[in-house]
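Beneath this line is the structure, given in structure tokens, with notes to follow.
The sequence lines fix the lettering, A, B, ..., with proteins before strands; numbering per chain opens at 1. Hydrogens, waters and symmetry mates play no part in the numbers below; they use all other heavy atoms, side chains included.
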Number of protein chains: 2
Amino acid sequence: MTNIKDIARLAGVSVSTVSRVLNNYKYVANDKRESVLQVIEEMKYTPNKNAIDLIRGETRTIGVILPYNNNPAFDQLLNGILNKALENDFLVTVLPSKYSKEKEMEYLQKLKSKLFDGIIITSRANDWETIIPYSDFGTIVSCEYTPHPEIGCSYMDRYSSFLDAFQLLKNKGHRAVSFTTARLESKSTKQMIDAYHEIFGELPPGYHISDCHCLEDGYGAAKQFLELHERPTAIYANGDEVAGGMYLYAKSQQMKVPADLAIIGQENQPVGIGLGLSTVDHQLTKIGEQACSLVIKKSREKVKIPYRIVERDSV
Amino acid sequence: MTNIKDIARLAGVSVSTVSRVLNNYKYVANDKRESVLQVIEEMKYTPNKNAIDLIRGETRTIGVILPYNNNPAFDQLLNGILNKALENDFLVTVLPSKYSKEKEMEYLQKLKSKLFDGIIITSRANDWETIIPYSDFGTIVSCEYTPHPEIGCSYMDRYSSFLDAFQLLKNKGHRAVSFTTARLESKSTKQMIDAYHEIFGELPPGYHISDCHCLEDGYGAAKQFLELHERPTAIYANGDEVAGGMYLYAKSQQMKVPADLAIIGQENQPVGIGLGLSTVDHQLTKIGEQACSLVIKKSREKVKIPYRIVERDSV
DNA sequence: CCTTGACTTGAAATGCATTTCATAAATTAG
DNA sequence: CTAATTTATGAAATGCATTTCAAGTCAAGG
């Protein structure tokens with residue numbers, strides 16, 4: 001491989017001058033600039049990015065820790081991140097964690113080892129106390145709110161959105177409302193349950209089913225809910241795929257939506273548009289974009305992204 | 001930041017010895033090894049990855065060029081790639097191209113600049129002739145077949161799969177078969193049309209609708225097909241989301257699937273499982289895994305991944 | 001007792017480009 | 001016509017870790 005020294009030699013100048021040409025520095029005589037460019041062209045020279053990153057101490061690369069890489073919610077976040085990174089000529093490295101504490105630490109270690117300028121944590125397994133020391137080595141931005149000043153946040157107020165959604169259902173006259181969630185132990189699930197209590201009080205047995213991710217899960221959940229003795233009149237699904245499954249089950253039972261069963265989903269996913277499902281849009285793409293912007297600006301701000309309820313024909 | 005020199009000084013040894021400890025080299029006296037490890041621990045030292053990559057000339061990072069980053073098919077490929085990379089301690093950088101020739105070249109340039117050990121091209125805008133010269137600088141693997149020996153391939157025989165799917169429908173007695181595709185100008189669309197001709201001959205006007213991507217598109221396409229004077233008795237959809245939309249439209253018209261309308265989808269996506277749709281599974285996840293393996297092995301083999309038709313209840 | 005091979009260690013070279021420092025020539029300002 | 005800028009360029013230092021080379025110690029084999 002030819003390097004900057006070869007170019008300098010062949011063009012009859014010093015490496016400094018070649019470097020100046022490479023970086024569009026103002027003060028280079030035209031004839032030398034020309035001959036350097038010509039040699040670069042002839043030799044098809046490309047600078048070694050590792051050497052540049054080493055000396056500059058930055059890589060224009062962002063690491064994105066995400067637990068699952070085939071999950072629509074995280075895909076939306078990643079999508080937003082990629083959009084913004086592309087705009088700003090940053091690269092994005094995907095760091096799948098599967099919620100493993102060790103993997104997460106390994107990735108944070110790579111921030112310290114100067115592989116990334118910053119890291120976006122979409123969801124995490126470790127405590128903030130464990131993560132914070134790494135914020136000395138680059139910008140860390142979280143997609144969930146945390147008060148720690150060392151960590152930037154691009155987030156939405158999940159709890160409020162849950163309250164709003166439940167309140168909407170209550171306003172429409174529903175009193176028997178059930179819901180689904182993903183992981184039982186997640187913070188989000190806890191908040192969902194709290195919001196339920198706040199609006200409807202006691203949670204009847206069987207009114208909450210967890211580990212729902214796809215259309216099938218929603219189909220099964222709806223079946224379970226509707227076989228209960230006191231069947232719910234409305235369901236809040238943790239995603240439009242799941243809501244779509246519920247809708248299909250309701251239809252299969254000759255039920256009318258929303259007359260016999262109201263359904264509201266989440267994340268404003270394509271399925272929901274097709275089926276006319278109302279949804280709580282958490283604007284994950286925007287959250288991803290904002291998170292990426294924060295890393296690029298090296299900012300540790302806390303930016304709250306507004307959610308919105310998209311009312312279509314299912315509630 | 002502390003570097004290897006600091007560690008050497010504090011531990012009272014040379015940098016070579018520290019490097020040996022870092023790389024688990026056999027011949028280091030126990031006491032020195034201990035004291036080096038202790039200093040590393042005390043100083044919370046982490047080696048600079050850019051320096052290592054520079055000198056070693058490899059990064060254990062793979063670049064993945066993909067046109068769209070919110071498309072289920074490319075997500076499946078990426079998913080497979082990430083799985084395999086994770087297993088082998090490789091990192092994956094996502095390179096969104098939007099089919100821009102310039103962006104693609106920019107990414108290939110990064111292979112030359114030693115940022116990646118290899119690149120996986122899931123789909124491309126440039127000619128192979130333009131791409132091939134870059135195979136000197138790392139392993140390039142394509143997810144589409146190409147005879148060029150410089151390029152590794154992890155692919156499936158798309159044309160055969162189209163033939164098989166159409167033949168299946170023909171065997172079930174269908175003579176009026178329509179289909180949908182994504183981009184009109186893609187190679188895949190061309191193959192689909194060729195396969196149609198091969199099995200059914202002349203393509204009746206209105207029997208092919210392009211630019212179908214999501215459930216909604218499928219819903220609309222089914223509507224269009226079924227309003228034709230000579231309505232088709234079977235549809236081959238370019239994806240299960242699309243097929244799902246068709247299924248829902250058929251149901252909305254009180255049609256029985258497959259009795260009144262047979263539907264077969266593609267890619268074996270979650271929606272299809274829920275709706276019991278038959279599908280042509282191109283095993284994109286496996287293709288992604290294999291592509292990643294090839295890069296890791298620095299192999300330029302051509303590996304054909306078998307597709308399979310999953311028969312459920314819609315044909 | 002000498003040779004040979006297994007250990008052990010450090011100095012220096014290496015990979016590559018950027019940046020600072022020093023110097024010199026050519027302009028411009030006063 | 002000096003003094004102060006602006007323009008132009010190269011040598012050398014810098015960022016950091018790996019690897020080769022040379023050399024030394026020590027124990028086992030003959």
- [ ] Could you tell me whether A/Asp89 and B/Lys103 have a side-chain N and a carboxylate O separated by less than 4.0 Å?
- [x] yes

TODO: Figure out the CG/P separation between A/Asn48 and D/dC16, and round it to whole Å.
DONE: 17 Å

TODO: Scan residues 4-17 of chain B for pairs that pass salt bridge (charged side-chain N to carboxylate O under 4.0 Å, His left out), counting only residues two or more places apart or in two chains.
DONE: B/Asp6-B/Arg9

TODO: Can you sort out which residues in residues 49-61 of chain B have a heavy atom within less than 4.0 Å of DNA chain D? Ascending by number, please.
DONE: B/Ala51, B/Ile52, B/Ile55, B/Arg56

Open item on the list: Between B/Tyr107 and B/Glu102 (side chain of the first, backbone of the second, donor and acceptor by atom type, cut-off under 3.5 Å), is there such a pair?
Closed with: no

Task: Non-hydrogen side-chain atoms of B/Cys292 and B/Phe90 separated by less than 4.5 Å - done: no

TODO: Determine, for B/Glu58 against B/Arg56, whether the closest basic-nitrogen to carboxylate-oxygen distance falls under 4.0 angstrom.
DONE: no

Task: Rounded distance in Å - CZ (A/Arg33) to C1' (D/dT9) - done: 13 Å

TODO: Would you indicate what A/Val18 reaches in the nucleic acid, counting non-hydrogen atoms under 4.0 angstrom: base, sugar-phosphate, or nothing?
DONE: nothing

- [ ] Could you state the atom-to-atom distance from CG of A/Leu22 to C1' of C/dC16 in whole Å?
- [x] 11 Å

- [ ] Report which part of the nucleic acid A/Thr17 touches: base, sugar-phosphate, or nothing (heavy-atom distance under 4.0 Å, all strands).
- [x] sugar-phosphate

Task: Inter-residue atom distance A/Ile131.CD1 - A/Ile119.CD1, 0.5 Å rounding - done: 9.5 Å

Task: With A/Tyr68 via ring pair (Phe, Tyr, Trp, His ring centres under 6.0 Å) - residues at least two apart - done: A/Tyr99

Open item on the list: With a cut-off of less than 4.0 Å, is there a side-chain N or O of B/Ser14 near OP1 or OP2 of C/dA11?
Closed with: no

- [ ] Can you tell me the distance, in whole Å, between the CG atom of A/Asn3 and the P atom of C/dT18?
- [x] 12 Å

TODO: Describe, as an angle rounded to 10 degrees, how the axis at the first end of the helix from C/dC1-D/dG30 to C/dG30-D/dC1 is tilted relative to the axis at the last end, five pairs per end.
DONE: 30°

Open item on the list: Does this structure show an ion pair linking B/Lys84 with B/Glu87, if we count only N-O contacts that are shorter than 4.0 Å?
Closed with: yes

Open item on the list: With a cut-off of less than 4.0 Å, is there a side-chain N or O of A/Tyr45 near OP1 or OP2 of C/dA17?
Closed with: yes

- [ ] For B/Lys112 and A/Lys44, indicate whether the former's side chain and the latter's backbone hold a donor-acceptor pair under 3.5 Å.
- [x] yes

Open item on the list: Can you measure B/Lys5 atom NZ to D/dT18 atom P for me and round it to whole angstrom units?
Closed with: 15 Å

Task: Residue pair A/His282, A/Arg158: steps toward the side chain to side chain contact (heavy atoms under 4.5 Å, CB included) verdict - done: CA-CA 8 Å; A/His282 286 164; A/Arg158 211 169 274 273; 4.1 Å; yes

Task: Counterpart residues, salt bridge (charged side-chain N to carboxylate O under 4.0 Å, His left out), relative to A/Lys190 (two or more places apart) - done: A/Asp194

Open item on the list: Once you apply a heavy-atom cut-off of 4.0 Å, does B/Val13 come out as touching a base, just sugar-phosphate, or nothing?
Closed with: sugar-phosphate

Under 3.5 Å, N/O pairs linking protein and nucleotides 20-29 of chain C:
none

Task: Atom pair distance, as rounded to whole Å: NZ in B/Lys32 and P in D/dT25 - done: 13 Å

Open item on the list: What's the closest nucleotide to the side chain of A/Tyr25 if the choices are D/dT9, D/dT18, C/dT8?
Closed with: D/dT9

- [ ] Flag the pair B/Met43 / B/Leu10 as yes when at least one side-chain heavy-atom distance between them is below 4.5 Å, and no otherwise.
- [x] yes

TODO: Measure from CZ on A/Arg9 to P on C/dA17 and round the result to the nearest Å.
DONE: 13 Å

Task: Whole-Å gap separating P (D/dG15) and CG (A/Leu115) - done: 20 Å

